[in-house]
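Note sheet for the following structure.
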Amino acid sequence: MILTINPGSSLTASKKLRVKDDFSMMTEGVVTAEFWLPSSIGVPKLLKVDLESNRLELIKDALYVREITVVYNRDPYRFPAKNYLYPHNPIHNPNEPRKGCPPHLLIREGAGTLKHHETEDFIIKAREEDMKITHSMVRWNIVKDDSTALLYPGCLDVMKYDKLPRFLKFKEANYNLITELRQRGREEVKIHSLQNMAGKVFGVYKEGRFESFEHYEFYLKQKSNEMGWPKESISEAIKIAKIFRLDEEFGRQMLCGPNALRIRKVTSLETRWAEGAVPGYALEDKTLQDALEEGHLFEVTCDELMDVPHGGGFSKMLTGTQQTWYTVLADCLLYQRSDSKLVPVLIRLENRNDREPATWWTPPEPEITDFNDPKHLAWLFAKMWFRNADINCYALCTHFAQSHATNEVFAVAAYRNLSNAHPILRLLQPHIQGIIPVNVQARAVLVNPGKNAFALFLSAGDNIRIVFHNHYKTFSYEDLILPEDVKKRGVQDIPEYLYRDDTLSHWEVIRAYVGEMVNLAYPSDEDVAQDEELQNFAKDVVDIGFQGYENGAGFPRVVSEREKLIEYITAIVFNISVFHTAVNFQTFTNYSFQPNVPCCMTMPPPNQDSEITMDHILKSLPVLEVTFFAINLANVLGSFSPVERFFLEDHSMNKLGIIGENMAVAPDRRRVSTD
Ligand SMILES: [Fe+2]
């Protein structure tokens with residue numbers, strides 16, 4: 001490793017320091033080297049890191065450089081790198097990126113600085129060179145300006161994980177875990193396909209239908225033992241299986257399940273609800289108008305499925321039979337009872353694809369206590385159809401669009417516009433580091449038109465682009481500002497709304513942290529306005545990330561005040577961290593018992609006067625192969641990274657370097673980040 005302190009400074013640049021140590025490629029160990037430097041070098045401000053090797057192509061992976069500390073006059077000067085270098089050898093040009101790594105690193109010391117605060121030429125030049133190198137490695141996938149194109153946010157121009165720059169790939173342990181989990185699931189799916197094929201050849205093929213809800217429960221337990229799915233999640237899922245038919249449990253999941261951000265207060269009974277009627281017993285003998293005026297009516301709607309054709313086009317690959325997976329518009333009206341419980345009181349289903357009229361469903365009379373009574377079964381079936389629409393919106397909009405695709409815009413814009421020295425990049429870095437690799441993998445297997453895994457279990461999966469377009473048509477920056485979102489949906493007072501309470505408290509913590517960090521980096525509002533790199537970041541988000549969206553999806557094109565910057569950065573950090581966690585990590589628990597939230601429905605939705613039987617319900621629910629696929633995917637997506645920690649018991653663990661990813665290395669920043 002060749003280190004140069006203050007390179008390019010004619011007065012004080014050091015000679016090249018050659019550190020000939022045995023760097024471990026497998027672990028992230030610490031290497032210490034001592035040199036005596038002439039005092040004329042002065043305070044270390046900039047560090048150039050180079051790597052050389054004469055071993056031609058023997059090194060398989062690049063070297064991860066987390067941070068380099070130079071001790072000068074007994075004071076430590078910390079240079080956070082968080083990047084990879086691949087050694088040059090004599091036949092390669094030392095100034096070109098190689099094996100996905102920059103040719104060398106140019107790192108500014110400490111907290112990072114704003115460009116307009118820099119006064120020394122060699123530092124400004126190094127900053128520009130650093131940006132130039134990143135620009136050559138991180139590029140937008142530019143979509144031509146086309147007003148007819150379906151809306152989707154800007155992303156990196158890389159479609160294959162292997163083609164990513166090294167610093168945008170996962171750490172090895174992370175990568176191996178995901179690959180292993182996927183592999184296990186894939187083998188099971190292959191076995192299903194082969195069995196179906198062989199069954200057809202020998203005339204013994206039988207569709208993998210479940211015979212009862214208990215059968216689904218039994219399958220879940222049995223498969224979890226075989227596959228090693230986490231026991232805690234299974235036992236929670238089984239608890240849900242026991243009570244999923246209760247309206248109170250349905251209401252609880254609307255407030256605390258993975259898709260709990262969609263509920264909003266009803267402000268008008270016109271249009272959507274105009275033709276619906278709710279019996280008095282479901283509203284504690286009130287009218288809908290009374291309940292509305294009391295502020296106790298709420299709704300969850302699934303408009304993102306508008307104009308989405310039925311799916312199931314790829315069902316044969318898994319199940320052995322060609323199935324239609326019905327995509328039906330569904331809305332649910334919920335009532336907050338006087339005991340504070342939220343319960344569904346009206347469901348509206350509309351099979352627009354087959355031009356069927358809307359149907360309306362309400363809870364059975366309280367006197368009917370037999371769960372197998374046709375009225376109970378009809379209400380249960382309506383709830384299943386609604387939950388089917390809900391999980392399609394959840395998987396494609398809440399999870400994939402809002403907590404993956406949207407966040408990639410911030411990551412690409414940050415890497416392309418904020419140099420390594422920028423304090424906001426240093427703040428954002430630990431949060432944005434995983435988005436791009438996850439999304440690039442998802443682009444290859446989930447949303448790739450030829451290989452779309454969503455189409456293997458979701459009714460809307462064949463037509464995800466239309467769903468994304470519907471989502472982004474109404475998406476705006478304001479949706480990411482949690483306190484505004486809660487107000488806009490009118491759900492400030494709804495009881496036992498744990499999603500709101502937990503996320504708001506996290507929002508406040510993140511806001512306070514970002515507030516302190518921004519105030520340390522920017523002495524005044526003018527500094528925000530003058531920060532060329534930050535303004536370019538904001539411009540990129542609007543002009544490229546949300547190009548073609550009405551008013552740039554409401555994102556600020558110019559940020560000129562510290563308060564606005566704090567809000568913006570808080571929204572980004574929150575959306576990447578807390579929001580994703582809230583919507584992702586409980587899918588296995590909530591969605592693995594398929595009758596609770598069926599991912600696809602294989603029979604047409606009921607007519608208004610259909611008599612619903614248990615047999616008909618079971619014939620409409622997902623078959624075994626699809627059930628397996630959905631559960632296994634929920635397990636893969638919900639697995640925690642083995643090398644990242646989300647919670648530290650105490651500060652001493654931090655000193656061990658477990659969250660050494662933090663680039664806020666100056667003493668004042670460290671105080672904020674560990675307080
Ligand atoms: Fe995710």
Side-chain angles (χ1 to χ4, degrees), residues 152-153 155-156 161 164 168-171 173-175 177-182 185 229-230 233 256-262 304 390-412 428 430-448 451-458 460-461 464 467-468 471-472 475 479-480 482 499 502-503 506 571-592 597 599 629-647:
Y152 189 80
C155 59
L156 196 76
Y161 180 82
L164 280 173
L168 290 178
K169 288 184 179 171
F170 292 118
K171 296 225 172 100
N174 237 340
Y175 186 70
L177 173 88
I178 298 168
T179 314
E180 193 198 316
L181 284 173
R182 257 199 215 133
W229 291 332
S233 308
C256 307
N259 210 15
L261 60 145
R262 300 175 72 87
E304 289 93 334
D390 187 47
I391 194 181
N392 275 274
C393 292
Y394 159 79
L396 299 173
C397 304
T398 302
H399 188 183
F400 190 78
Q402 184 159 340
S403 74
H404 283 263
T406 297
N407 288 332
E408 187 168 342
V409 171
F410 308 131
V412 178
L428 286 177
H431 302 287
I432 58 179
Q433 66 176 355
I435 297 160
I436 294 177
V438 173
N439 285 8
V440 169
Q441 286 191 325
R443 279 205 282 282
V445 297
L446 281 176
V447 294
N448 185 340
K451 273 189 193 170
N452 170 4
F454 282 130
L456 296 178
F457 71 110
L458 289 178
I464 47 180
V467 185
F468 293 148
H471 168 79
Y472 282 112
F475 168 76
D479 298 345
L480 303 183
L482 181 72
Y499 167 82
D502 290 354
T503 52
H506 281 82
I572 295 174
V573 173
F574 175 85
N575 201 51
I576 295 171
S577 57
V578 178
F579 181 77
H580 178 265
T581 299
V583 305
N584 181 61
F585 285 104
Q586 46 168 342
T587 44
F588 191 87
T589 306
N590 282 263
Y591 294 166
S592 53
V597 190
C599 54
F629 193 89
I631 306 176
N632 191 59
L633 187 67
N635 180 50
V636 174
L637 297 180
S639 297
F640 283 89
S641 152
V643 290
E644 283 166 32
R645 296 296 175 104
F646 295 86
F647 174 72

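No hydrogens, no waters, no symmetry mates; every other heavy atom, side chains included, goes into these values. Both counts, for ligands and for their atoms, begin at 1 and track the order of listing. Throughout, numbering of the chain's residues begins at 1 and tracks the sequence.
Note on ring orientation: taking the six-membered ring where Trp is involved, the planes of F170 and Y161 are parallel (angle under 30°, cut-offs 30° and 60°). Between H580 and H399, the two ring planes are tilted [angle within 30° to 60°].
Side-chain contact between F579 and L261 is present, with heavy atoms from C-beta onward closer than 4.5 Å.
Inspection of the environment of the Fe ion (ligand 1) yields the following protein N, O or S atoms under 2.8 Å: H399 NE2, H404 NE2, H580 NE2.
Scored by the side chain to side chain donor-acceptor pair (under 3.5 Å) test, T406 finds Y472 as partners (sequence neighbours excluded).
Proximity of a side-chain donor or acceptor of N259 to a complementary backbone N or O of C393 within less than 3.5 Å is not detected. Checked by atom type and distance alone, the side chain of N575 never pairs as donor or acceptor with a backbone atom of N407 at under 3.5 Å.
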